[in-house]
2 protein chains.
Amino acid sequence: MPQPHEILFKTLADPTRRAIFERLCRDGDQTVAALTARAGVSQPAVSKHLGVLKQAGLVRDRHEGRNTHYSAELGALAPLIDWTNQMAGFWQSRFDNLEDLLKRMD
Amino acid sequence: MPQPHEILFKTLADPTRRAIFERLCRDGDQTVAALTARAGVSQPAVSKHLGVLKQAGLVRDRHEGRNTHYSAELGALAPLIDWTNQMAGFWQSRFDNLEDLLKRMD
DNA sequence: GCAATCGATAACTCGTTGGCTATTGATAAA
DNA sequence: TTTATCAATAGCCAACGAGTTATCGATTGC
C-alpha cells in the first residue's frame with residue numbers, strides 16, 4: 001500500500017473536490033443533490049469527486065431511500081498532519097545537529 | 001491572490017516534486033546535480049520541479065559559481081497546517097452546536 | 001402501474017502537466 | 001583560449017484527469 005499522505009495530496013489538490021470536502025466539514029451531512037446545487041459543476045462530476053474522496057477515506061456515504069448522504073471523515077486528515085510534522089521534525093533535527101557542532105567547537 | 005493553501009496542495013500533489021522537497025527538508029542545502037542524482041528523472045525535469053516549488057515559496061535558491069543550491073522553506077507549509085486546523089475547527093463547532101442543542105432540550 | 005427523481009456509470013472531449021531530448025548561457029578547469 | 005560542467009529554457013509528446021451529455025437502475029409519489 002502506498003504511503004497514506006500520497007493519496008490525500010492528490011485528492012485534495014483539485015479545488016472543486018476540496019470545496020466539496022470543506023462544505024461537508026462545515027455543514028456536515030449532505031445529499032448529492034445538495035452538494036451539486038453549490039458545486040458549480042454537473043451532478044455526474046460531483047458523484048465522481050465523491051467517489052475519489054471516498055476512495056481516499058475522506059468521506060463516508062449513507063444510503064437513505066433514493067438519497068445518498070455523504071459526510072466528512074475528519075480522522076482521514078491525520079497522515080497529512082503527520083507528514084507536515086515530519087518535515088518540521090527533519091528541519092529541527094538538522095538545526096539541533098548544527099547546534100551540537102557549534103557547541104563542540106567551543 | 002488565490003488562497004495560499006491552493007498552490008501548496010497542487011505543488012505537493014506530484015510524488016517526484018514532493019520527494020525533492022522532502023529531501024531538502026531531511027538533508028538541507030542541495031545542488032541541482034545532487035538532487036538529480038537521486039530523483040530518478042532528468043536534470044531538466046528536476047529544474048522544472050524546483051521552479052514550481054520556488055513559485056509556491058517552498059524552496060529558496062542560492063547561486064554559487066556555476067552551481068545552484070536549493071533549500072527548503074519550512075514556513076511555507078503554514079497555510080497547509082492552518083487549513084487542516086480550520087477543517088478540524090468546523091468539525092468541532094458542529095459538535096459544540098449539537099451539544100448545546102441537546103443541553104437546551106433538557 | 002407509470003411518471004418522476006436521485007445518483008452512479010459510460011463514453012467522449014480537451015486542457016494540463018510531467019516527462020523527454022536538444023540547446024544555450026554561464027562559470028570553472030585544462 | 002579552448003573544453004567541460006552546471007543549470008535553465010525551448011519544444012515536443014503521451015498520459016492523465018476533470019468536465020461534459022446520455023443513459024440506466026433504483027426508489028418514491030401519483
Side-chain angles (χ1 to χ4, degrees), chain A residues 2-3 5-24 27-73 80, chain B residues 1-3 5-24 27-73:
Chain A
Q3 302 201 293
H5 62 260
E6 166 77 33
I7 196 174
L8 291 182
F9 273 118
K10 272 209 194 297
T11 301
L12 294 171
D14 180 75
T16 307
R17 191 155 51 225
R18 200 172 53 249
I20 291 173
F21 178 71
E22 287 175 7
R23 179 159 177 74
L24 289 173
D27 305 335
D29 207 80
Q30 303 275 321
T31 66
V32 175
L35 290 169
T36 300
R38 308 223 173 192
V41 293
S42 66
Q43 174 267 311
V46 172
S47 274
K48 206 192 279 185
H49 282 307
L50 287 168
V52 175
L53 286 166
K54 186 180 172 186
Q55 204 66 25
L58 285 165
V59 301
R60 283 180 58 80
D61 59 346
R62 174 173 60 86
H63 297 280
E64 200 170 278
R66 66 181 166 184
N67 297 319
T68 307
H69 293 253
Y70 282 85
S71 56
E73 199 73 71
L80 211 70
Chain B
M1 138 175 56
Q3 301 202 293
H5 62 260
E6 166 76 34
I7 195 173
L8 291 181
F9 273 118
K10 272 209 194 297
T11 301
L12 294 171
D14 180 75
T16 307
R17 192 156 51 225
R18 199 172 55 248
I20 291 174
F21 179 70
E22 287 175 8
R23 180 160 175 73
L24 289 173
D27 306 333
D29 207 79
Q30 302 276 320
T31 67
V32 175
L35 291 168
T36 300
R38 308 222 172 190
V41 294
S42 67
Q43 175 266 311
V46 172
S47 275
K48 205 191 280 186
H49 282 308
L50 287 169
V52 175
L53 286 166
K54 186 180 171 186
Q55 203 67 24
L58 285 164
V59 301
R60 283 179 58 81
D61 58 346
R62 174 172 59 87
H63 297 280
E64 200 170 279
R66 66 182 167 184
N67 296 319
T68 307
H69 293 254
Y70 282 85
S71 57
E73 199 74 68

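What you see below is based on every heavy atom in this structure, not just the backbone, and it leaves out hydrogens, waters and symmetry mates.
- Computed from coordinates, the F9(B) CZ to dT16(C) P distance equals 22 Å when rounded to whole Å.
- Using a 4.0 Å heavy-atom cutoff across all strands shown, T68(B) reaches sugar-phosphate atoms only and no base atom.
- Between Q43(B) atom CD and dT5(D) atom P there is a gap of 14 Å when expressed in whole angstrom units.
- E64(B) places its CD atom 11 Å from the P atom of dA7(D), with the value rounded to the nearest Å.
- Atoms CG (D61(B)) and C1' (dT9(D)) sit 15 Å apart, rounded to a whole Å.
- Atom C1' of nucleotide dA8(D) and atom CD of Q55(B) are separated by 15 Å, given to the nearest angstrom.
- Regarding contacts with the backbone of dT27(D), every side-chain N or O of N67(A) stays at 4.0 angstrom or more from both OP1 and OP2.
- Neither OP1 nor OP2 of dC6(C) sits under 4.0 Å from any side-chain N or O of Y70(A).
- In this structure, L35(B) atom CG and dC6(D) atom C1' are separated by 13 Å, rounded to whole Å.
- Listed candidates were dT21(C), dA7(D), dA22(D). Nearest to the side chain of P44(B) is dT21(C).
- Contact check, T16(B) against dG18(C): no side-chain N or O comes under 4.0 Å of OP1 or OP2.
- Evaluation of atom-type donor-acceptor distances gives no pair under 3.5 Å for the side chain of K48(A) against the base of dG17(D).
- Side-chain atoms of R17(A) do not come within 3.5 Å of backbone N or O of L12(A) as any donor-acceptor pair.
- At a threshold of 4.0 angstrom between heavy atoms, the contacts of T36(A) with the nucleic acid are absent.
- OP1 or OP2 of dG19(D) sits under 4.0 Å from a side-chain N or O of H49(A).
- The NZ-P distance, from K10(A) to dG17(D), rounds to 7 Å in whole Å.
- Checking the phosphate oxygens (OP1, OP2) of dC20(C), a side-chain nitrogen or oxygen of S42(B) falls inside 4.0 Å.
- Distance, R17(B) CZ to dG19(C) C1': 12 Å, rounded to whole Å.
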